[in-house]
Chemist: 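Just passing along the structure, written as structure tokens.
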Amino acid sequence: MDPITTLTLRAPDDWHVHLRDGPMLKAVVWHTIKQFRRALVMPNLTPPVLTADDVHAYRAEIQDATFPTFEPLMTIKITDRTTPEIVRAAREAGAVAGKLYPEGVTTNSEDGVRSFWDLRPVFCAMRDCGMILSLHAETPGVFVMDREANFLHQYVSPLAVSLPGLRIVVEHATSAAAVRLVDEHPNVGCTITPHHLYLTLDDVVGGALNPHAFCKPIAKTHRDRDELVKAAISGHPRIFLGTDSAPHVIVKKECASGCAGVFCAPVALETVAEVFDRHSVLHRMEHFVAEAGAKFYGLPLNTGQITLRRETWRVPEDLQGVRPFMAGKELAWKSRSL
Ligand code: DOR
Ligand code: ZN
């Protein structure tokens, strides 16, 4: 049988992206809006997006740098100082999720949460106003390869059971344990990034150190990566694409104390298509990139379509001073702009 040469999908959503602000926002946002109708925008700016006022201001900045056809879905950062009143006001301002970073686990999380369980009133308020709890699921101080599984066990499972009305997303799942946990709890979903469908720890430190494959949570074992691929292509109702595209200028990656983050937006759909193609399940890609997330968030499905063609192209080494995922490599699919 001839291979499929074009793939037309419902316009997709990115359920986790770092668009940044200022000049970096202007430099990178095109790569997101050319292929995603909506994107859940992370709040870890300096200063962070904490309140309804911050939501209004950051949304305005994004809208100023994009077209009205693109809808930024706003988040606030949940810290130890977040209150139920702050949650309700942010929800009124249109924030759809609250993003919780435990203290110090990744970029700009120095103000992250130290007392998870003290936030129960905040979690209840989120449940009551229909705001999603979006989790960077890693326990600080635990061995880096075990941080995600530890957080799931210590915090996510008990929370999901005790507040069944709260919808929780385990962001950028990197382990078999995360996939298992989603399966066990009907109120828990997870995002999976394009790069975690490819990378293992070997790609980061197995040969020469590769800072461009360094992100948080760190890519894990071959078994974990394979379970993520299986989950992404499975058609699971609560597993969806969140790119976690996280641009840092090359000098901040190739240095001592390099920043965590993979800039995958420029190749997001193409790299995902390659994975689905390899497993002969291209017909299930639409569910992963354009349906499951919207349904979990309770938002309407997008109208409009995007087309990908089977066409070999080489990924640039450098885009506005940022090195994209798969830089210099050939990809087999190319997406048209929305
Ligand atoms: O690798 C990462 N980079 N993980 C995160 O959680 C944050 C992100 C960033 O903002 O650079
Ligand atoms: Zn992120």
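Just so you know, ligand 1 is whichever comes first in the structure, and atom 1 is the first atom listed for that ligand. Keep in mind the model is a prediction, meaning the values are calculated, not measured.
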Chemist: Give a yes or no on whether a salt bridge exists between Glu317 and Arg323, defined as a side-chain N under 4.0 angstrom from a carboxylate O.
Modeler: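 Here Glu317 pairs with Arg323 in a salt bridge, since their nearest N and O are under 4.0 Å apart.
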
Chemist: Using a strict cut-off of 4.0 Å, indicate which atoms of ligand 1 neighbour a heavy atom of Cys215.
Modeler: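 Numbered from 1, ligand 1 contributes 1 (O).
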
Chemist: Given Thr106, Val105, Val17, which has its nearest heavy atom closest to atom 5 (C) of ligand 1?
Modeler: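 Checking each option, the heavy atom nearest atom 5 (C) of ligand 1 is found in Thr106.
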
Chemist: For the side chain of His287 and the backbone of His236, is there at least one donor-acceptor N/O pair under 3.5 Å apart?
Modeler: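 Yes, because the side chain of His287 sits within donor-acceptor range (under 3.5 Å) of the backbone of His236.
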
Chemist: Distance check, rounded to the nearest 0.5 Å: Thr69 atom OG1 versus Arg37 atom CZ?
Modeler: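 Here the rounded value is 6.0 Å.
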
Chemist: With rounding to the nearest 0.5 Å, note down the distance linking SG in Cys190 to NE2 in His16.
Modeler: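 Going from SG on Cys190 over to NE2 on His16, the span is 12.5 Å.
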
Chemist: Taking N, O or S atoms only and a limit of 2.8 Å, check whether His136 reaches the Zn ion (ligand 2).
Modeler: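 Coordinating: no.
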
Chemist: May I ask you to check whether Tyr101 has an N/O atom sitting below 3.5 Å from an N/O atom of ligand 1?
Modeler: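 Looking only at distances, the answer is no, because the N/O contact criterion of under 3.5 Å is not met.
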
Chemist: Who's closest to atom 11 (O) of ligand 1 heavy-atom-wise, of Met42, His248, Lys252, His18?
Modeler: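 Shortest heavy-atom distance from atom 11 (O) of ligand 1: His248.
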
Chemist: Quick one: are the ring centres of Trp15 and Phe296 less than 6.0 Å apart?
Modeler: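 They do not qualify: ring centres at least 6.0 Å apart.
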
Chemist: For atom 3 (N) of ligand 1, what's the nearest protein heavy-atom neighbour? Residue, atom name and distance, please.
Modeler: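 The closest heavy atom on the protein side is Ala260 O, 3.0 Å.
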
Chemist: Is any side-chain heavy atom of His222 closer than 4.5 Å to one of Asp202?
Modeler: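 Contact flag for Asp202/His222 side chains = yes.
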
Chemist: May I ask whether Arg20 places a heavy atom under 4.0 Å from ligand 1?
Modeler: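 Yes; Arg20 lies near enough to ligand 1 that a heavy-atom distance drops under 4.0 Å.
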
Chemist: What are the two closest non-hydrogen atoms of Cys264 and Thr243, and how far apart are they?
Modeler: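 That closest heavy-atom pairing would be SG-O, 3.2 Å.
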
Chemist: Polar-atom distance check: Gly261 versus ligand 1, any N or O pair below 3.5 Å?
Modeler: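 So ligand 1 has an N or O lying under 3.5 Å from an N or O of Gly261.
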
Chemist: Taking 2.8 Å as the cut-off, does an N/O/S atom of Asp244 lie below it from the Zn ion (ligand 2)?
Modeler: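 Coordinating: yes.
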
Chemist: Heavy-atom contacts with Ala246 under 4.0 Å: which atoms of ligand 1 show up? List them by number with element.
Modeler: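 Numbered from 1, ligand 1 contributes 3 (N), 8 (C), 9 (C), 11 (O).
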
Chemist: Taking only heavy atoms of His136, which atoms of ligand 1 are found under 4.0 Å from at least one of them?
Modeler: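 Listed by number with element, the hits are 6 (O).
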
Chemist: Could you identify the single nearest non-hydrogen protein atom to atom 4 (N) of ligand 1 and state the distance to 0.1 Å?
Modeler: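 For this ligand atom, the closest protein heavy atom is Lys216 O, 2.8 Å.
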
Chemist: I'd like to know if Asp111 and Lys77 make a salt bridge, using a cut-off of under 4.0 Å between side-chain N and carboxylate O.
Modeler: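 The answer is yes: the pair qualifies as a salt bridge.
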
Chemist: When you measure from the Zn ion (ligand 2) to each N, O or S atom of His16, which atom gives the shortest distance?
Modeler: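 When I compare the N, O and S atoms of His16, NE2 is nearest to the Zn ion (ligand 2).
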
Chemist: If you measure from each non-hydrogen atom of Glu171 to ligand 1, which part falls under 4.0 Å: side chain, backbone, both or neither?
Modeler: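 Within the 4.0 Å criterion, Glu171 makes no contact with ligand 1.
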
Chemist: With a 4.5 Å limit on heavy-atom distance, are the side chains of Val122 and Pro84 in contact?
Modeler: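 Val122 reaches Pro84 side chain to side chain.
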
